[in-house]
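Chain naming here is simple, since letters A, B, ... match the order of the sequence lines and numbering starts at 1 in each.
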Amino acid sequence: MSDTVRVRFAPSPTGGLHLGGIRTVLYNYLFAKQNNGKFIVRIEDTDQTRFVAGAEEYIFNCLKWIGLEPDESPIHGGNYGPYRQSERKEIYKKYAEQLIKDGFAYYAFDTPVELEKMRHDFKTEHNPSQQYDHNVRMKMCNSLTLSADEVNKLLSNKEVKSVIRIKMPEKKIVSFTDLIRGEISFDTSVVDDKVLLKADGMPTYHLAVVVDDYLMKITHAFRGEEWLPSAPVHVLLWKYLFGLDQMPQWAHLPLILGSSGKLSKRDGLKYGFPVLAMNWLDPKTGVMANGFKELGFVPEAFINFLALLGWNDGTEQEIFSLEELIEKFSIERIHAAGAKFDYEKAKWFNHEWLKKLTATDLKEKVAAILSAQSIETKDNSYLCNVIDLVKDRCILLTDFYEQSLFFFKTPEQFDTESILSKWDESKKEFFIDWQIQLMNLPTWTSSALESNFKELAQQKNIKQGDLLLPLRIMLVGRKFGPPVFQIAELLEKKETISRIKTVLANLNS
RNA sequence: GGCCCGUUCGUCUAAGGGCUAGGACACCACCCUUUCACGGUGGUGAUACGGGUUCGAAUCCCGUACGGGCUACCA
């Protein structure tokens with residue numbers, strides 16, 4: 001193992017990147033940055049039958065959006081490439097053959113049909129799925145049961161497909177120390193002879209992860225808890241191939257759970273919340289899965305709540321910037337139990353971040369949301385003023401549309417219903433007079449507007465409170481939004497007067 | 001079925017032998033606000049169960065139950 005910390009995120013490009021994957025990226029990134037190490041992305045595309053067009057590009061787009069860029073990857077370069085396993089095919093064969101030479105692995109010639117037959121024949125109530133293990137390996141077609149001549153004949157026959165399997169020892173205890181769970185041990189008798197090299201010459205995950213972690217000098221390996229059962233295979237491969245002293249330190253991350261078990265891409269569709277970082281259009285099914293980005297999450301919030309799903313710094317702080325996370329993150333404080341994803345809490349984080357971020361931080365994102373609805377955002381300072389006024393009442397970025405629409409477009413409908421019951425001649429006169437006064441108001445500020453409004457109300461002996469709702473309806477169209485005189489200030493004289501007149505005419509008819 | 005991991009309010013979690021088990025989300029009530037929010041105050045609500053160890057256990061050990069993961073020439 002080298003001195004520099006080197007960690008990797010190793011996704012399989014088979015579809016959208018979901019919460020669990022992003023959190024693994026995050027923890028890798030935080031740990032790397034905290035230790036002045038390197039964060040590597042390696043594409044694990046050894047299963048050619050699961051190739052999905054665009055999936056790799058999508059992964060990198062997601063990383064870009066959340067701002068966690070790798071130091072090394074197929075597109076970022078680096079000295080330990082290639083970073084796509086499909087481009088490293090030739091490397092793995094050598095190691096697999098070495099294992100055979102050393103007696104730790106063997107060739108197997110069983111066809112899929114034969115494997116299925118074996119599983120069927122051995123199936124009992126107590127053993128519903130027989131593995132290819134020490135109990136059956138001597139009854140199968142492989143280099144342990146065949147003579148050397150027969151094996152060589154089969155290997156040289158192009159028609160015959162073969163794989164290389166690890167030969168799991170019997171009754172050995174394999175153990176290792178997990179950074180999150182402590183010591184974990186397994187009885188090798190109950191682990192099967194996993195395929196290491198497939199018939200198409202590609203390695204399986206088990207071989208590839210060990211070989212590549214070694215060649216890429218990975219020091220700490222983070223992965224989901226679902227990998228724990230195959231860890232003894234990997235530990236043994238490290239022992240056989242490179243020595244246990246070279247093995248990275250493992251940390252098996254707790255799973256992120258949906259409402260029933262491991263969070264799946266299907267959960268999103270089922271429960272109406274996103275599980276992917278960004279929108280993903282499945283090229284095979286044509287189904288679009290929602291992403292946090294498009295739903296209106298800011299990356300700061302997305303990262304923040306994912307970091308806290310299974311980790312905390314021991315204090316009561318919940319809002320962390322990326323810089324703070326880099327500083328405070330620690331593997332020891334990762335919770336061992338799985339965490340159920342709570343969309344309501346995710347939205348709360350986003351709300352907190354919208355309040356925290358400045359108008360300057362947000363303006364481009366808000367402008368994009370508005371222009372997607374064909375709304376022109378006028379000049380920059382106007383947009384920033386609007387953002388400052390409404391951002392506290394937005395939970396998602398997309399809420400800016402509804403919350404700020406009336407600043408950019410005259411409302412098409414006015415909720416006159418709400419004021420009609422208390423509407424009378426005196427109020428009508430008030431607004432007629434007021435809009436005339438407004439034309440000559442020397443300074444157009446919210447406080448000037450308010451005092452002028454108050455004065456006229458007093459003169460006419462009308463309660464100011466009874467006039468505020470009508471004014472709001474005139475300017476906003478509905479019963480919501482920021483303080484009404486601040487709205488008028490931003491709308492400016494011409495538009496303010498025009499809206500008042502419109503509603504007055506409306507109420508007349 | 002077997003193996004592995006886990007178990008504190010509905011959810012995310014704090015408390016790593018010692019105060020009435022703390023906080024956050026959500027929910028409810030009140031206050032603030034002549035709109036809607038923000039904000040503030042308070043409330044409901046948890047150590048799965050049974051044994052041990054100990055002066056003392058949410059915390060350590062064992063068992064049970066429950067939950068989850070894995071059990072492919074997928075990762």
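- Leu196(A) places its CG atom 15 Å from the C1' atom of A75(B), with the value rounded to the nearest Å.
- The pairing partner recorded for U35(B) is none, the criterion being a Watson-Crick or G-U wobble arrangement whose two distances lie under 3.5 angstrom.
- Asn304(A) places no side-chain N or O within donor-acceptor distance of the main-chain N or O of Ala301(A), the cut-off being under 3.5 Å.
- Atom NZ of Lys409(A) has 12 or fewer heavy atoms from other residues, nucleotides or ligands within 6.0 Å.
- Closest to the side chain of Arg50(A), from the set C25(B), C73(B), A75(B), is A75(B).
- If you take atom C1' in U47(B) and the same atom in A21(B), they sit 8 Å apart, rounded to whole Å.
- Residues Leu255(A) and His126(A) both approach RNA chain B. Their nearest nucleotides, taken by heavy-atom distance, put His126(A) toward the 5′ side.
- If you measure from atom CH2 of Trp348(A) to atom P of A24(B), you get 9 Å, rounded to the nearest angstrom.
- Using Watson-Crick or G-U wobble geometry with both donor-acceptor distances under 3.5 Å, C27(B) finds its partner in G43(B).
- Of the possible donor and acceptor atoms, none in the side chain of Arg165(A) sits under 3.5 Å from a partner among the backbone N and O of Tyr106(A).
- In a base pair of the Watson-Crick type (N1 to N3 plus N6-O4 or O6-N4) or a G-U wobble (N1-O2 and O6-N3), with each distance short of 3.5 Å, U64(B) is matched with A48(B).
- By the rule that a glycosidic angle within 90° of 0 means syn, C38(B) counts as syn.
- Among the protein residues, Ala199(A) comes within range of the nucleic acid bases, having at least one heavy atom under 4.0 Å from a base atom.
- Taking only side-chain atoms of Pro112(A), from C-beta outward, the nucleotide of C73(B), C12(B), G69(B) with the closest atom is C73(B).
- For Lys345(A), the side-chain atoms get nearest to A24(B) when compared with the rest of C3(B), A24(B), C74(B).
- With both ends at atom P, the span from U59(B) to C27(B) equals 33 Å, rounded to whole Å.
- Residue Leu308(A) is in sugar-phosphate contact alone, with no base atom involved, counting any heavy-atom pair closer than 4.0 Å across all strands shown.
- For the pair Lys117(A) NZ and A72(B) C1', the interatomic distance rounds to 19 Å; values are reported in whole Å.
- Of the possible polar contacts, none joining the Asp133(A) side chain to the Val190(A) backbone as a donor-acceptor pair under 3.5 Å is found.
- His252(A) has its NE2 atom 19 Å from the P atom of C3(B), to the nearest Å.
- Residue-level contact check: Ser185(A) touches the backbone only, with heavy atoms under 4.0 Å from sugar-phosphate atoms and none from bases.
- Between A24(B) and G6(B), the distance separating the two P atoms is 29 Å to the nearest Å.
- Using a 4.0 Å heavy-atom cutoff across all strands shown, Pro11(A) reaches no nucleic acid atom at all.
- The main-chain N or O of Thr111(A) is found under 3.5 Å from a side-chain atom of Glu114(A) such that the two form a donor-acceptor pair.
- With P as the reference atom, C19(B) and A57(B) are 12 Å apart, rounded to whole Å.
- Judged by Watson-Crick or G-U wobble contacts below 3.5 Å, the nucleotide C70(B) has G2(B) as its partner.
- In this structure a side-chain-to-backbone donor-acceptor pair under 3.5 Å is present from Tyr27(A) to Ala307(A).
- Nearer the 5' end of RNA chain B, as judged by each residue's closest nucleotide, is the contact made by Phe186(A), out of Glu44(A) and Phe186(A).
- Put simply, the side chain of Lys194(A) and the base of A72(B) share no donor and acceptor less than 3.5 Å apart.
- Contact annotation for His335(A): backbone-only contact, meaning every heavy-atom pair under 4.0 Å involves sugar-phosphate atoms and none involves a base.
- Across all strands shown, Asp110(A) has heavy atoms under 4.0 Å from base atoms, whether or not it also approaches the sugar-phosphate.
- Counting to the nearest Å, the P atom of C73(B) and the CD atom of Glu114(A) are 13 Å from each other.
- Gly224(A) comes within 4.0 angstrom of nothing in the nucleic acid, heavy atoms only.
- Within the shown strands, nothing qualifies as a pairing partner of U59(B) under the Watson-Crick or G-U definition with both distances less than 3.5 Å.
- Not a single donor-acceptor pair under 3.5 Å links the side chain of Arg119(A) to the backbone N or O of Ser129(A).
- Lys194(A) places no side-chain N or O within 3.5 Å of a backbone atom of Lys167(A) that could act as its donor or acceptor partner.
- Between Phe349(A) atom CZ and U11(B) atom P the separation is 17 Å, expressed in whole Å.
- For the P atoms, the distance linking A72(B) with G67(B) amounts to 23 Å, nearest Å.
- Residue contacts for Ile184(A): at a heavy-atom cut-off of 4.0 Å it reaches the sugar-phosphate backbone alone, with no base atom in range.
- Across all strands, Gln464(A) comes closer than 4.0 Å to base atoms (heavy-atom distances).
- Straight-line distance between the P atoms of A46(B) and U8(B): roughly 14 Å, to the nearest whole Å.
- Evaluation of atom-type donor-acceptor distances gives no pair under 3.5 Å for the side chain of Arg393(A) against the base of C38(B).
- Remark: U53(B) base-pairs with no nucleotide; criterion is Watson-Crick or G-U wobble with both hydrogen-bond distances under 3.5 Å.
- Taking atom P on both A15(B) and G23(B), the two are 15 Å apart, rounded to the nearest angstrom.
- Rounding to whole angstrom units, CD of residue Glu125(A) and C1' of G2(B) are separated by 14 Å.
- Note on Lys340(A): every side-chain N or O is 4.0 Å or more away from OP1 and OP2 of U13(B).
- Dashed line: the shortest gap from a side-chain N or O of Lys198(A) to OP1 or OP2 of C74(B) is under 4.0 Å.
- Across all strands shown, Thr46(A) has heavy atoms under 4.0 Å from sugar-phosphate atoms exclusively, and none from any base.
- With rounding to whole Å, Phe485(A) atom CZ is found 11 Å from U34(B) atom P.
- Side-chain atoms of Asn28(A) come within 3.5 Å of backbone atoms of Thr24(A) as a donor-acceptor pair (strictly under, hydrogens ignored).
- Residue contacts shown for Pro483(A) include a base, since a base heavy atom lies under 4.0 Å away.
- No hydrogens or angles considered: a donor-acceptor pair under 3.5 Å links the side chains of Glu324(A) and Gln317(A).
- In this structure U20(B) sits in no base pair that meets the Watson-Crick or G-U test at under 3.5 Å.
- Taking only side-chain nitrogens and oxygens, Asn312(A) comes nearer than 4.0 Å to OP1 or OP2 of A14(B).
- Residue contacts for Lys355(A): at a heavy-atom cut-off of 4.0 Å it reaches the sugar-phosphate backbone alone, with no base atom in range.
- Within the 4.0 angstrom heavy-atom criterion, no nucleotide atom of any strand lies near Arg223(A).
- Separating the C1' atom of U41(B) from that of C5(B) is a span of 43 Å, rounded to the nearest Å.
- When heavy atoms are screened at a 4.0 angstrom cut-off, Arg165(A) is found touching the sugar-phosphate backbone but no base atom.
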